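What you see is a predicted model; the values in this text were computed from it and never measured. For the numbers below, each heavy atom of this structure counts, side chains included, while hydrogens, waters and symmetry mates do not. Counting starts at 1 for both ligands and their atoms, in listed order. FYI, the numbering just counts along the sequence from 1.
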Amino acid sequence: MPQDEIEQARRLIKESNRISAFTGAGISVDSGIPDFRSEGGLWERYDPYEYATYDGFLNDPSKFWTMGQELAEVILKAHPNDAHKALALLEKRGKLTGVITQNIDNLHQRAGNENVIELHGNYLRAYCMKCKKEFVGETIHRRVADGDIPPYCDECDGVLKSEAILFGEPLPEKAMSRAIEVCKNTDLMLVIGTSLQVYPAAYLPQLAKNSGAEVILVNLEGTNRDNVADVILRGRAAQILPRIITME
Ligand code: NAD
């Protein structure tokens with residue numbers, strides 16, 4: 001990777017005190033959670049339109065939970081990597097106003113970030129569709145692994161749903177409006193590990209840009225929205241972030 005771009009990114013980070021991050025599945029790939037679209041990803045084996053739509057879930061929740069069992073095993077084994085840790089360091093230094101994430105794996109929180117905005121929910125929480133009782137995802141995933149598919153509420157017998165947002169399900173309003181606030185008030189956005197294909201989330205870097213922010217894009221491959229970036233760093237997030245977010 002050209003040293004010039006690394007230096008440029010370092011300088012932007014050093015000069016900014018209102019940095020935000022927008023992350024996608026790619027930041028967690030080096031933690032052992034494959035992104036869904038790449039080779040070997042979940043969508044190669046499960047058609048998302050069959051297994052991961054909200055309507056599909058209402059019709060037959062067992063399909064989602066069958067796929068979900070596989071995903072849970074991977075997520076529960078994962079640990080934050082050096083990219084998550086670098087963002088936690090930035091927050092500790094008082095320079096990060098928020099991490100907006102499309103991820104559902106809880107790894108930003110586990111790395112130490114407190115201001116995390118989850119646009120697509122969290123796979124490690126679940127709730128009853130009928131009485132809204134909340135459940136710790138890990139407990140539910142263990143039940144599912146033991147063949148309890150779909151899992152039902154122990155209070156009212158309603159079906160349980162993961163808090164992860166499915167295709168066709170509205171995004172959590174509060175999270176979206178917090179994310180918009182962060183985008184409007186940032187002067188530098190780090191966009192990390194996202195193909196920028198899932199809307200409306202993928203519009204957020206453009207919003208930050210339109211509000212006057214500079215944008216650094218860290219991704220393994222090109223995206224359809226690379227033109228939003230002032231600096232493009234092509235490569236693995238866990239290798240690049242520690243090089244541009246340093247202790248100084
Ligand atoms: P995506 O799968 O569409 O794109 C991921 C991008 O990351 C790709 O462009 C890929 O080239 C890049 N990438 C892969 N490995 C990388 C690495 N080591 N470093 C840097 N970049 C890397 O992911 P998305 O844009 O987040 O959208 C997919 C949706 O799937 C999201 O809505 C998210 O909720 C969900 N998802 C979440 C997780 C998770 O929580 N870890 C995992 C898979 C998918």
Side-chain angles (χ1 to χ4, degrees), residues 1 9 21-49 51-54 64 67-68 70-87 99-111 113 116-125 137 141 162-172 175-176 179 190-206 216-226 228-229 231-244:
M1 185 184 319
F22 178 65
T23 67
I27 195 171
S28 296
V29 167
D30 283 334
S31 292
I33 308 175
D35 65 56
F36 292 168
R37 283 187 178 77
S38 299
E39 217 184 308
L42 211 60
W43 300 152
E44 213 172 70
R45 273 158 299 125
Y46 297 97
D47 177 354
Y49 295 102
Y51 285 85
T53 64
Y54 190 58
F64 168 82
M67 172 199 77
E70 197 176 314
L71 184 58
E73 271 172 35
V74 176
I75 289 183
L76 289 171
K77 266 197 280 186
H79 296 284
N81 64 49
D82 287 347
H84 298 103
K85 289 177 194 167
L87 291 181
V99 178
I100 305 166
T101 189
Q102 299 169 90
N103 293 345
I104 53 174
D105 57 25
N106 215 37
L107 291 183
H108 287 301
Q109 292 91 329
R110 286 182 50 203
N113 279 105
V116 181
I117 303 169
E118 294 172 320
L119 292 180
H120 295 162
N122 188 313
Y123 201 58
L124 299 180
R125 295 192 300 261
H141 295 309
S162 152
E163 261 193 33
I165 302 294
L166 298 174
F167 290 107
E169 187 176 358
L171 297 194
M176 198 61 192
L190 310 177
V191 179
I192 307 159
T194 170
S195 62
L196 295 173
Q197 280 183 41
V198 181
Y199 283 84
Y203 175 68
L204 293 173
Q206 188 65 54
I216 299 175
L217 200 141
V218 180
N219 208 61
L220 205 52
E221 54 193 22
T223 77
N224 288 337
R225 301 188 66 94
D226 275 5
V228 75
V231 182
I232 296 180
L233 300 170
R234 196 75 70 223
R236 309 190 79 84
Q239 286 170 2
I240 294 174
L241 279 247
R243 288 181 67 189
I244 59 174

A.B. asks: Measure from the side-chain N and O atoms of Tyr123 to the backbone N and O of Gly68, and report whether any donor-acceptor pair falls under 3.5 Å.
C.D. replies: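 Pair found, side chain donor or acceptor close to backbone of Gly68.
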A.B. asks: Take Leu204 and Met176 through the test side chain to side chain contact (heavy atoms under 4.5 Å, CB included) and record every step on the way to the result.
C.D. replies: CA-CA 10 Å; Leu204 293 173; Met176 198 61 192; 4.1 Å; yes
A.B. asks: Do Arg243 and Leu233 touch side chain to side chain, with heavy atoms closer than 4.5 Å?
C.D. replies: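 No; the side chains remain at least 4.5 Å from each other.
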A.B. asks: Are the side chain of Arg110 and the backbone of Asp105 linked by a donor-acceptor contact shorter than 3.5 Å?
C.D. replies: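 Side chain of Arg110 to backbone of Asp105: no pair is present.
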A.B. asks: For ligand 1, would you mind listing the residues that have at least one heavy atom less than 4.0 Å away, ordered by chain and number?
C.D. replies: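 Shell around ligand 1 (4.0 Å, heavy atoms): Gly24, Ala25, Gly26, Ser28, Val29, Asp30, Ile33, Pro34, Asp35, Phe36, Arg37, Gln102, Asn103, Ile104, Asp105, His120, Gly193, Thr194, Ser195, Val198, Asn219, Leu220, Glu221, Gly235, Arg236, Ala237.
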A.B. asks: Could you walk me through whether Asp226 and Arg234 pass the salt bridge (charged side-chain N to carboxylate O under 4.0 Å, His left out) check?
C.D. replies: CA-CA 11 Å; Asp226 275 5; Arg234 196 75 70 223; 3.0 Å; yes
A.B. asks: So which of Leu87, Asn219, Val218, Thr101 actually passes side-chain contact (heavy atoms from CB on, under 4.5 Å) with Ile27?
C.D. replies: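 Passing option: Leu87.
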